[in-house]
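As structure tokens, the structure follows; a few thoughts come after it.
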Amino acid sequence: MDALLVTGCLVAAVAAALLGATPGASAAAPRAFFVFGDSLVDNGNNNYLMTTARADAPPYGIDFPTHMPTGRFSNGLNIPDIISEHLGSEPALPYLSPYLRGDKLLVGANFASAGVGILNDTGIQFVNIIRIGQQLENFQEYQQKLAAFVGEDAAAQVVNNALVLITLGGNDFVNNYYLVPFSVRSRQFAIQDYVPYLISEYRKILTRLYEMGARRVVVTGTGMIGCVPAELAMHSVDGECARDLTEAADLFNPQLVRMLAGLNADIGSDVFIAANTNRVSFDFMFNPQDYGFVTSKVACCGQGPYNGIGLCTPASNVCPNRDVYAYWDAFHPTERANRIIVGQFMHGSTDHISPMNISTILAMDSSRG
């Protein structure tokens with residue numbers, strides 16, 4: 001797609017608009033927020049890369065405060081933006097943004113890159129994306145910049161006290177194992193063996209995050225990847241979710257929860273928090289009217305069955321009211337769906353996020369401070 005260059009004016013307007021839209025932002029500096037992962041949480045890093053995995057053209061951003069595309073795969077705000085609201089903070093800038101310097105470093109940074117997965121061979125069709133190993137290297141580089149700004153001890157405290165969000169896994173199925181029939185990974189592993197391999201690799205990534213100073217890490221499972229409009233368009237004949245991807249998610253998510261519990265036991269502290277995105281997605285996927293949605297199957301922006309074929313572009317069908325659609329494009333939720341998801345992360349029961357929700361974490365850490 002044709003790229004729209006992100007200018008300094010747009011970036012400044014984005015930051016100002018979002019900060020102005022943040023309810024209850026306090027004068028006291030909130031805790032820093034770091035984000036790692038894929039397109040569900042990328043807020044513009046891929047704009048700076050030569051890749052097709054970009055959301056820098058209309059109608060992306062149609063409901064953003066600036067009504068302009070920013071690189072978020074959403075009609076408006078994405079999950080990290082909404083978590084930042086709850087933290088009383090402006091959104092952390094993309095790590096590749098030239099405006100991430102000085103006081104902005106204290107807000108945190110978003111290292112996510114659309115298309116990536118747990119494995120390095122996930123998303124190879126997108127060519128130039130920031131794989132998770134590089135995201136962690138960028139985090140190390142960020143810490144060096146922060147230490148140069150505030151000193152090593154203060155920098156370490158910012159990182160230790162930060163909230164971290166990491167979202168990986170979906171692409172390892174959609175854009176790897178099941179990308180094409182007889183993919184390399186599907187010939188190498190049965191799905192029952194592929195999932196434990198993913199989990200073991202993910203454990204290494206999370207262990208590295210802990211070694212780099214992260215102490216409060218929200219780890220999302222995969223959502224209902226078999227039920228997104230793209231999969232319904234390609235693999236459903238009667239509106240039922242794609243069986244293979246649904247079974248993959250059902251294998252992955254419980255094993256992820258067990259792995260996180262094991263990591264916490266080894267560390268002796270609840271560092272890693274398991275966010276059950278699948279359960280949250282299930283709630284509005286099968287009971288959309290309960291959440292004010294007219295559909296949880298058809299994307300707002302797209303073409304073909306379920307608006308699930310190809311990219312969301314200026315030539316696509318676009319629904320007039322994004323608030324009544326659960327999906328913005330073939331893979332990504334609308335801002336309103338994102339708000340429901342984050343609401344469960346913040347206040348949900350242990351069915352949605354365990355061993356505790358983010359509000360509990362913030363309250364506990366505040367009382368200690």
Side-chain angles (χ1 to χ4, degrees), residues 36-41 115-124 131-132 165-207 217-232 234-236 239-266 272-286 296-297 330-333 341 344-345 348-355:
F36 301 86
D38 57 27
S39 60
L40 290 168
V41 293
V116 305
I118 296 165
L119 304 181
N120 280 335
D121 54 293
T122 292
I124 56 172
R131 306 193 186 284
I132 189 60
L165 174 69
I166 183 166
T167 296
L168 291 171
N171 283 328
D172 293 288
F173 299 107
V174 173
N175 282 309
N176 191 332
Y177 193 91
Y178 291 114
L179 178 63
V180 294
F182 309 109
S183 67
V184 172
R185 289 297 188 183
S186 68
R187 285 183 278 118
Q188 181 182 10
F189 293 103
I191 191 64
Q192 294 81 4
D193 299 318
Y194 181 64
V195 169
Y197 174 62
L198 287 180
I199 296 295
S200 68
E201 292 300 302
Y202 207 173
R203 194 181 199 279
K204 297 173 188 176
I205 292 164
L206 296 175
T207 299
V217 184
V218 177
V219 184
T220 68
T222 65
M224 300 197 68
I225 52 178
C227 306
V228 299
E231 298 306 325
L232 294 180
M234 292 185 291
H235 299 125
S236 179
E240 296 295 315
C241 300
R243 181 176 299 175
D244 287 348
L245 282 162
T246 299
E247 290 176 353
D250 288 345
L251 287 170
F252 180 84
N253 289 313
Q255 292 185 45
L256 176 64
V257 171
R258 288 195 294 273
M259 181 266 281
L260 297 178
L263 268 178
N264 286 340
D266 290 347
F272 296 101
I273 310 298
N276 191 343
T277 318
N278 196 277
R279 171 60 190 271
V280 180
S281 304
F282 181 93
D283 291 344
F284 60 72
M285 184 74 202
F286 291 100
S296 57
K297 294 185 175 182
F331 289 101
H332 304 97
I341 293 167
Q344 295 291 4
F345 290 178
S349 69
T350 51
D351 287 341
H352 294 96
I353 184 165
S354 65

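Since we're looking at a predicted model, the values are computed, not measured.
Taking CG of L245 as the start and NE2 of H235 as the end, the distance is 7.5 Å to the nearest 0.5 Å. Separation of atoms CZ (F282) and OG1 (T277) is listed at 15.0 Å; rounding is to 0.5 Å. Atoms CG and CD1, from L168 and I132 in turn, are 4.5 Å apart once rounded to the nearest 0.5 Å. Rounded to the nearest 0.5 angstrom, I166 CD1 and I205 CD1 are separated by 6.0 Å. Taking CG from L40 and CG from D38, the interatomic distance works out to 5.0 Å, rounded to the nearest 0.5 Å. Interatomic distance, T246 OG1 to F173 CZ, rounded to the nearest 0.5 Å: 11.5 Å.
Residues satisfying the salt bridge (Lys or Arg N to Asp or Glu O under 4.0 Å) test with E201, not counting sequence neighbours, are K204. Judged as a salt bridge (Lys or Arg N to Asp or Glu O under 4.0 Å), and not counting sequence neighbours, R243 has no contacts. Every residue meeting the side chain to side chain donor-acceptor pair (under 3.5 Å) condition with S186, not counting sequence neighbours, appears here in chain and number order: S183.
Taking every heavy atom of both residues into account, H332 and S39 meet most closely at NE2-OG, 2.6 Å. Contact detail for G169 and I118: the closest heavy-atom pair is CA-CD1, 4.0 Å. Nearest heavy-atom pair, A230 versus F331, reported as atom, atom and distance to 0.1 Å: CB-CZ, 3.4 Å. For the pair F286 and C241, the tightest heavy-atom approach, listed with the atom from each and the gap, is CZ-SG, 4.2 Å. Taking each heavy atom of R203 and D266 in turn, the nearest pair found is NH2-OD2, 2.6 Å.
L256 places a side-chain heavy atom less than 4.5 Å from the side chain of I199. A heavy-atom distance below 4.5 Å is not found between the side chains of R185 and L179. Between I341 and F284 the shortest side-chain heavy-atom distance falls below 4.5 Å. You'll find the side chain of S354 stays beyond 4.5 Å of the side chain of I273, heavy atoms only. By the 4.5 Å heavy-atom criterion applied to side chains, H352 and D283 are counted as neighbours.
Panel note: side chain K297, backbone L232; no donor-acceptor pair is recorded below 3.5 Å. Of the possible donor and acceptor atoms, none in the side chain of R279 sits under 3.5 Å from a partner among the backbone N and O of I353. A donor-acceptor pair under 3.5 Å is absent between the side-chain atoms of N175 and the main chain of T122, judged by distance alone.
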Contacts table for residues 191-198: side-chain donor-acceptor under 3.5 angstrom, sequence neighbours left out:
unit_1: Y194; atom_1: OH; unit_2: D172; atom_2: O; d: 2.7

Please output the side-chain donor-acceptor pairs of residues 218-225 that fall under 3.5 Å, not counting sequence neighbours, one pair per line with the distance.
unit_1: T220; atom_1: OG1; unit_2: T167; atom_2: OG1; d: 3.0
unit_1: T222; atom_1: OG1; unit_2: N253; atom_2: ND2; d: 3.3

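A donor-acceptor contact under 3.5 angstrom links the side chains of D121 and N176, judged on distance only.
For residues 250-261, no pair satisfies salt bridge (charged side-chain N to carboxylate O under 4.0 Å, His left out), with sequence neighbours left out.
No more than 12 heavy atoms of other residues, nucleotides or ligands shown are found within 6.0 angstrom of CD1 on I124.
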